[in-house]
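Here the structure comes first, spelled out in C-alpha cells, and everything after it is commentary.
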Amino acid sequence: MSAFKSDFLRIMSERGFIHQISDESGLDQLFAKETVTAYIGFDPTAPSLHAGGLIQIMMLYWMQQTGHRPVALMGGGTGMVGDPSFKEEARKLLTVETIQSNIDGIKQVFSSYLNFGDGPRDALMVNNAEWLLPLNYLEFLRDVGQHFSVNRMLAFDSVKQRLDREQSLSFLEFNYMILQAYDFVELNKRYDVRLQMGGSDQWGNIINGIDLGHRLGTPQLYALTTPLLTTSSGAKMGKSLGGAIWLNADMLSPYDFWQYWRNTEDADVGRFLKLYTTLPLAEVSRLASLGGSEINEAKKVLATEITALLHGRAAAELAAETARKTFEEGALAETLPSVDVANSTLEAGVGILSLLVTAGLASSNGEARRHVQGGAVRLNDQPVSDERRSVTLQDLSPENVIKVSLGKKKHILVRPA
RNA sequence: GGAGGAGUGCCCGAGUGGUUAAAGGGGACGGACUGUAAAUCCGUUGGCUUAGCCUACGUUGGUUCGAAUCCAACCUCCUCCA
C-alpha cells in the first residue's frame, strides 16, 4: 500500500479499511486538496443494521473526523429491487411499508457516529427513493440505459457467478446495478459526491456508477471498497449467540453487544481494534500483542470501546461492569438483560420450559426441553434437571429477581411485574 | 412453441411404495478442555398437553392397506431445439 498524503486515506490504509481503490493517487490528491463528499448506501433489508455494517459506518465517521462530508444513503428506492450481487437467489421483495419502517429503524444508529446538519462538513442522510421513485421508464432508458452495455454487465463477477451457477437472475435484479450507478451520478449532481465506498461485493456496482459518470459528464468519480469481513476462523461476521448482532439497542441490548465483541477470537483482536475503535494505533498494537490469557484484557477494551461508540460510554461501562460481576465474581449482576413476568403468573407458578421461551433463551418448548435434558439450564445458578420444574415467587432472590441461565454465557433476569 | 431434466428439513445433499421426522455434511446451539478465545472431542438440532399426537419432502388432486417415492394438472428453475 503506497503512502497516502491525505489524512483520510492514510488512516483508512493504516487501520485496514481498504480493499480496492479505483485510482489511489487521484483520490489521495482530491482528499488532500479539498473537502470531499463521499457516500455509502445502506439497503433497508432489516429493521436494523448489524455488525457487518459497522465497518462502513466507521468509514463515514473517519470521513467527518478528517474534515470531509459523509453521506449516508438510505436505499428506499433500490430496496424495492434488491441487490443480486453475489447472491445465490433472489431476495423476497419487500413491501413499501416494510422498507419505510426498516429505514426508520436503521436511521437511529447514525447519529451516534455522525453529526448531521446543513453545514459544509455536516453529514447528510438522503433517501434514493426521492429520485428513483419518480423516474419515468422510457426517459430513464433513453437517458441512462443507452450507456450500459449488457455484455459488460454480464462480465462482472457479481453477476457472472450467478449465471455460471445456472441460477436465474431476473430482469428486476439485473437493473439494480443500473439504479445504483444512477444514484452515484445523481448524488454527484445534487451534493457534489465524488466517492462511493462500500464492501468489496459492491465494487462492480460502484464501477458502473463511475462509468456512467464519465458518459454523463460528471467530474471523475472514485471507488473505495473494504475487505469482506470474516473472523480468523473463516466465519462470517455478525452472527453469534443465537442471532444477528444488531446495532439497534431495542434488538440487541448493549450488554449482549458488548459480549459479542468480548468473545472475539484472539487472532482478530488487533484487526478489530483498528477497524472498530478509535484508539491510537500505538495502543492498538500494544493491546494486540498481549499473549495468552492476557489478551482477555484487550478484548474487554475492544468490547467497551465499540460499545461506547454505538451506545455511549455509560452504557458500555455498565455492560463491562455487568460482565465483570457475572463472570469474574460469579455474583448476581442486577444489570443483566431482563424480562418482566407478571406477578400473578409467578404466583401461580410457571413451567421452566415456558419461562425459557419467555426469556428468549429457547424458541420453543421442545428446544427448551432439550436444553434442560442436556444439562444446560440453571436457575439462580442451580442446575435444573427436571423439565417439569415450576418457577414461582419462592425462587426470587433477595434482590427480587430470578436468574435464568442457558449455558455459561447467556443469563437473563426474570423480574416480577 | 417443442423435447428433456430438476424442486427434500436453516443450507447443501442422499433417498424411487412400508421400522423415514427422512442418511451424510455444513451451520447453529449445549457439554468437555481452556482464558467468557481458537482448535479438538462428545451431544442436540420440526411442533405439541411427548410411552402419544400433529405437521413436513414445490402446489393441488388421485392410485394404494400404506407415497418424499407411482399417476394427473399446475407453479418455478435449468438444458437443448424453434
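Quick caveat: nothing in here was measured; it's all calculated off a predicted structure. Note on naming: letters A, B, ... go to the chains in the order of the sequence lines (proteins, then strands), and numbering restarts at 1 for each one.
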Qualifying salt bridge (charged side-chain N to carboxylate O under 4.0 Å, His left out) pairs, either residue in residues 295-312 of chain A, two or more places apart: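 Applying salt bridge (charged side-chain N to carboxylate O under 4.0 Å, His left out) to every pair that reaches into residues 295-312 of chain A, excluding sequence neighbours, yields D266(A)-K299(A), E297(A)-K300(A), K300(A)-E328(A), E305(A)-R313(A).
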Write out all pairs satisfying salt bridge (charged side-chain N to carboxylate O under 4.0 Å, His left out) with one or both partners inside residues 372-382 of chain A, taking only residues at least two apart or from two chains. D381(A)-K403(A)
[X] [atom1] to [N] [atom2], straight-line distance once rounded to whole Å:
{"X": "R271(A)", "N": "A38(B)", "atom1": "CZ", "atom2": "P", "answer": "15 Å"}
{"X": "L290(A)", "N": "A38(B)", "atom1": "CG", "atom2": "P", "answer": "18 Å"}
{"X": "Q259(A)", "N": "A37(B)", "atom1": "CD", "atom2": "P", "answer": "10 Å"}
{"X": "N263(A)", "N": "C29(B)", "atom1": "CG", "atom2": "P", "answer": "11 Å"}
{"X": "L361(A)", "N": "C29(B)", "atom1": "CG", "atom2": "P", "answer": "13 Å"}
{"X": "K409(A)", "N": "A28(B)", "atom1": "NZ", "atom2": "P", "answer": "13 Å"}
{"X": "E321(A)", "N": "U36(B)", "atom1": "CD", "atom2": "C1'", "answer": "16 Å"}

Tabulate atom names and distances for all N/O pairs under 3.5 angstrom spanning the protein and nucleotides 50-54 of chain B.
residue, atom, partner, partner atom, Å
U50(B), O4, R369(A), NH1, 2.2

In whole Å, measure the gap between the [atom1] atoms of [N] and [M] for me.
{"N": "U55(B)", "M": "A68(B)", "atom1": "P", "answer": "12 Å"}
{"N": "U60(B)", "M": "A67(B)", "atom1": "C1'", "answer": "16 Å"}
{"N": "C33(B)", "M": "G66(B)", "atom1": "C1'", "answer": "50 Å"}
{"N": "G25(B)", "M": "C74(B)", "atom1": "P", "answer": "40 Å"}
{"N": "G17(B)", "M": "A51(B)", "atom1": "C1'", "answer": "29 Å"}
{"N": "A73(B)", "M": "A21(B)", "atom1": "P", "answer": "31 Å"}
{"N": "C57(B)", "M": "G13(B)", "atom1": "C1'", "answer": "13 Å"}
{"N": "G9(B)", "M": "G47(B)", "atom1": "C1'", "answer": "13 Å"}

Suppose the criterion is side chain to side chain donor-acceptor pair (under 3.5 Å): which pairs have a residue in residues 124-139 of chain A, not counting sequence neighbours? T78(A)-N128(A), N128(A)-D183(A), E130(A)-R190(A), W131(A)-D183(A)
Side chain to side chain donor-acceptor pair (under 3.5 Å) pairs touching residues 59-69 of chain A, sequence neighbours excluded, are T37(A)-R69(A)
Short question: side chain of N380(A), backbone of L396(A) - any donor-acceptor pair under 3.5 Å? no
Would W246(A) and F257(A) count as a close aromatic pair, with their ring centres under 6.0 Å? no
Listed by chain and number, what are the ring pair (Phe, Tyr, Trp, His ring centres under 6.0 Å) partners of Y222(A), not counting sequence neighbours?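 So Y222(A) forms no ring pair (Phe, Tyr, Trp, His ring centres under 6.0 Å) with any residue.
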Any base atoms under 4.0 Å from A323(A), or only sugar-phosphate, or nothing? Heavy atoms, all strands.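 Counting heavy atoms under 4.0 Å across all strands, the contact made by A323(A) includes a base.
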Mind checking side-chain hydrogen bond (donor to acceptor under 3.5 Å, both in side chains) for S101(A) and listing every partner two or more places apart, or none if nothing turns up?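 Testing S101(A) for side-chain hydrogen bond (donor to acceptor under 3.5 Å, both in side chains), a comparison that skips the adjacent residues, returns none.
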So which protein N/O to nucleotides 41-46 of chain B N/O distances come out below 3.5 Å?
none

Closer to the 5' end of RNA chain B via nearest nucleotide, is it S363(A) or A376(A)?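 Residue closer to the 5' terminus by nearest nucleotide: A376(A).
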Nearest-nucleotide 5' precedence on RNA chain B, G375(A) against W258(A):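 On the 5' side of the pair lies G375(A).
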M59(A), M197(A), K274(A) screened by side chain to side chain contact (heavy atoms under 4.5 Å, CB included) with F17(A), the one that passes: M59(A)
Provide the closest heavy-atom pair for I402(A) versus T392(A) in the form atom of the first, atom of the second, distance. CD1-O, 3.9 Å
Might you point out which heavy atoms bring G79(A) and D43(A) nearest each other, and give the distance in Å?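 Closest approach of G79(A) to D43(A), heavy atoms only: N-OD1, 4.3 Å.
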R10(A) meets the side chain to side chain contact (heavy atoms under 4.5 Å, CB included) criterion, sequence neighbours left out, with F4(A), D7(A), E14(A)
Kindly express the pairing pattern of RNA chain B in dot-bracket notation, using | wherever a base pairs with another strand and counting only Watson-Crick or G-U pairs under 3.5 Å. ((((((((.[[[..)..(.....]]]((((((.......))))))(((...)))...[[[[[..)....]]]]]))))))).
Parallel, tilted or perpendicular: rings of Y276(A) and W261(A) (30°, 60°): tilted
Identify all side-chain donor-acceptor contacts of residues 347-376 of chain A below 3.5 Å with residues at least two apart in sequence or on another chain.
residue, atom, partner, partner atom, Å
S354(A), OG, G351(A), O, 3.2
T358(A), OG1, S354(A), O, 2.7
S363(A), OG, E367(A), OE1, 2.5
S364(A), OG, G366(A), N, 3.4
S364(A), OG, E367(A), N, 3.1
E367(A), OE1, S363(A), N, 3.4
R369(A), NE, E387(A), OE2, 2.9
H371(A), ND1, E367(A), O, 3.3
Q373(A), NE2, E387(A), OE1, 2.9

Do any N or O atoms of the protein come closer than 3.5 Å to N or O atoms of nucleotides 33-35 of chain B, and which pairs are they?
residue, atom, partner, partner atom, Å
U34(B), O4, K408(A), NZ, 3.3
G35(B), O6, D266(A), OD2, 3.2
G35(B), N1, D266(A), OD1, 3.2
G35(B), N1, D266(A), OD2, 2.6
G35(B), N2, D266(A), OD1, 2.6
G35(B), N2, N296(A), OD1, 3.4
G35(B), N2, K299(A), NZ, 2.9
G35(B), N3, N296(A), ND2, 3.4

More than 12 heavy atoms of other residues, nucleotides or ligands under 6.0 Å from CD of Q394(A): is that the case?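 Count not over threshold, so no.
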With a 4.0 Å cutoff (strictly under), does any side-chain N or O of K410(A) reach OP1 or OP2 of U36(B)? no
